[in-house]
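Numbers restart at 1 for each chain; the letters A, B, ... are given by sequence-line order, proteins then strands.
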There are 2 protein chains.
Amino acid sequence: MTSRNDAVPQTPLRADARRNVEALVEGARTVFARDGVDAHVKDIALEAGVGVATLYRHFPKRTDLVLAVLQHDVDECVETAQELAAAHTPMDALTLWLDRYCAFVLTKHGLAAALQSGEATFAGLGAQLLERLEPTLDELLQGARVTGAMEGGASAMDLLRAVAHLCTPGPAHIDYTRRMITLLLTGLRQDPAT
Amino acid sequence: MTSRNDAVPQTPLRADARRNVEALVEGARTVFARDGVDAHVKDIALEAGVGVATLYRHFPKRTDLVLAVLQHDVDECVETAQELAAAHTPMDALTLWLDRYCAFVLTKHGLAAALQSGEATFAGLGAQLLERLEPTLDELLQGARVTGAMEGGASAMDLLRAVAHLCTPGPAHIDYTRRMITLLLTGLRQDPAT
DNA sequence: TCGCCAAACGGAATCTGATTCCATATAGTA
DNA sequence: TACTATATGGAATCAGATTCCGTTTGGCGA
């Protein structure tokens, strides 16, 4: 899986710079987890032990930083899908994976908010992550469709967005989120009477 | 319908104050529609032709202003429900009303974002509006259930929230929103085979 | 190993917008 | 008409984000 965003910069980063980028991503992960994505820039720089200018040098826009933090988790999500697909019926794998994805979104409380609200951001931050996840979910959906367990034709992208949106109220409202996801799945399944 | 938030202040507002409050709500409506709920406070004051201090005097928190602007539209939404219930089958009324509600949320682009993201806001701004709408939707749901057109037991509040959440990407993505709402309804209906 | 210099750094300076303060103006009453 | 509590507008203050600039340092060539 080499489709990562590892575009090599014109001039390769100096060792200290590389170290700082690393520290910033880690620091951001910590601070985002604590304060949400709207955390103060200064706090992140502090946590990483660098000046704010350094932060801005490497991550001109906040979303760049959010993106970097998430990349790793997204990769994990993709791997999970493959494992689930191997160990369960397609429909179960799908259900389980959505639950996993939901947990992922919730962990980063506020991420959902960042992914949404406003065309610009949606296209920016959202697109990159969702596009990475899309083939994964699509495969699970295809699998479920083949077994006839599912009728509905919602696209993978639709589902990814919907779940993310339904996660917005945050971890405290996970019950609500679960109920709604179940409802969506029911709709997808068009369960032929129960 | 006298359940409005018309708590009379200890000292009744002076005439000029009342006029300014009016102007502020109107100004806010205009500016929110143009710039979204994150519009600059100064712009709103300018549009209303008053100083910022006046704005703060009457609406200490931004949400107070948002709330005031929305109150009227929410009332309209409630009335629409009653009309629809009278003119259609319960299930149709429900579907149509949700579409109306969805349009309402979309009109105020950014409203959804305000309603969400973060427990605090959810409880604050969200609660008041949703609670006003809740009995309305609940009645429609009851109606649909009685006719046997619907099995699912999702609560009115759940649905109100879900639709609002699914509206977050904004008016430009209304197709997505509609698809997802349809899916939810399908889930609710648990259509006994098609 | 040493010295050079482009890359990188940190923190101060600046900018932007929100919030508060206060001297002035006015509605409502006697 | 005069008086006073209520309101007002814009200036002052504050918070946080973003940029600037003099200093430091990694990595390379001699």
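- Under the side-chain contact (heavy atoms from CB on, under 4.5 Å) rule, A:Leu185 has a single partner from A:Leu183, A:Thr182, A:Leu188, which is A:Leu188.
- Atom pair A:Tyr56:OH and D:dC20:C1' shows a separation of 14 Å (rounding to whole Å applied).
- Remark: B:Glu22 CD is loosely packed, at most 12 non-hydrogen atoms of other residues, nucleotides or ligands lying under 6.0 Å away.
- As a whole-Å value, the separation of B:His40 NE2 from D:dA17 C1' is 13 Å.
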Run the numbers on A:Arg132 and A:Val78 for side chain to side chain contact (heavy atoms under 4.5 Å, CB included), then give the verdict. CA-CA 8 Å; A:Arg132 174 114 173 70; A:Val78 170; 4.1 Å; yes
Atom pairs, protein N/O to nucleotides 27-30 of chain D N/O, distance under 3.5 Å:
residue: D:dG27; atom: OP1; partner: A:Ala15; partner atom: N; Å: 2.8

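- The aromatic rings of B:Tyr101 and B:Trp97 sit parallel, their planes meeting at an angle under 30°, below the 60° perpendicular limit.
- Between B:Glu26 and B:Arg29 a salt bridge is recorded (basic side-chain N to carboxylate O distance below 4.0 Å).
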field: Verdict with reasoning, B:Phe59 to B:Val41, per side chain to side chain contact (heavy atoms under 4.5 Å, CB included)
entry: CA-CA 11 Å; B:Phe59 303 97; B:Val41 171; over 6 Å; no
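- Along DNA chain C, the stretch of nucleotides lying under 4.0 Å from any heavy atom of chain A spans, 5' to 3', C:dA6 to C:dA12.
- A distance of 10.5 Å separates CG of A:Asp75 from CG of A:Leu70, quoted to the nearest 0.5 Å.
- For the pair A:Leu65 CG and D:dT18 C1', the computed distance is 15 Å after rounding to whole Å.
- Heavy-atom contacts from other residues, nucleotides or ligands closer than 6.0 Å to CD of A:Glu139 number 12 or fewer.
- Proximity of residues 42-55 of chain A to DNA chain D (heavy atom under 4.0 angstrom from any strand atom) is restricted to A:Val52, A:Ala53.
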What verdict does the side chain to side chain contact (heavy atoms under 4.5 Å, CB included) test give for B:Arg161 and B:Leu130, after you've listed the backbone C-alpha separation in whole Å, the side-chain angles of each residue and the deciding distance to 0.1 Å? CA-CA 8 Å; B:Arg161 283 182 179 152; B:Leu130 295 184; 3.7 Å; yes
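- Distance CZ (B:Phe59) to P (D:dA7): 13 Å, rounded to an integer number of Å.
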Margin query: If you apply the rule side chain to side chain contact (heavy atoms under 4.5 Å, CB included), what do you find for A:Leu166 with A:Val163, and how did you get there?
Written below: CA-CA 5 Å; A:Leu166 293 172; A:Val163 172; 5.7 Å; no
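- Note on A:Val52: it does not cluster hydrophobically with A:Leu46, by side-chain heavy-atom contacts below 4.5 Å among ILVMFWY residues.
- Nucleic acid contact class of A:Arg19 (heavy atoms, under 4.0 Å, all strands): none.
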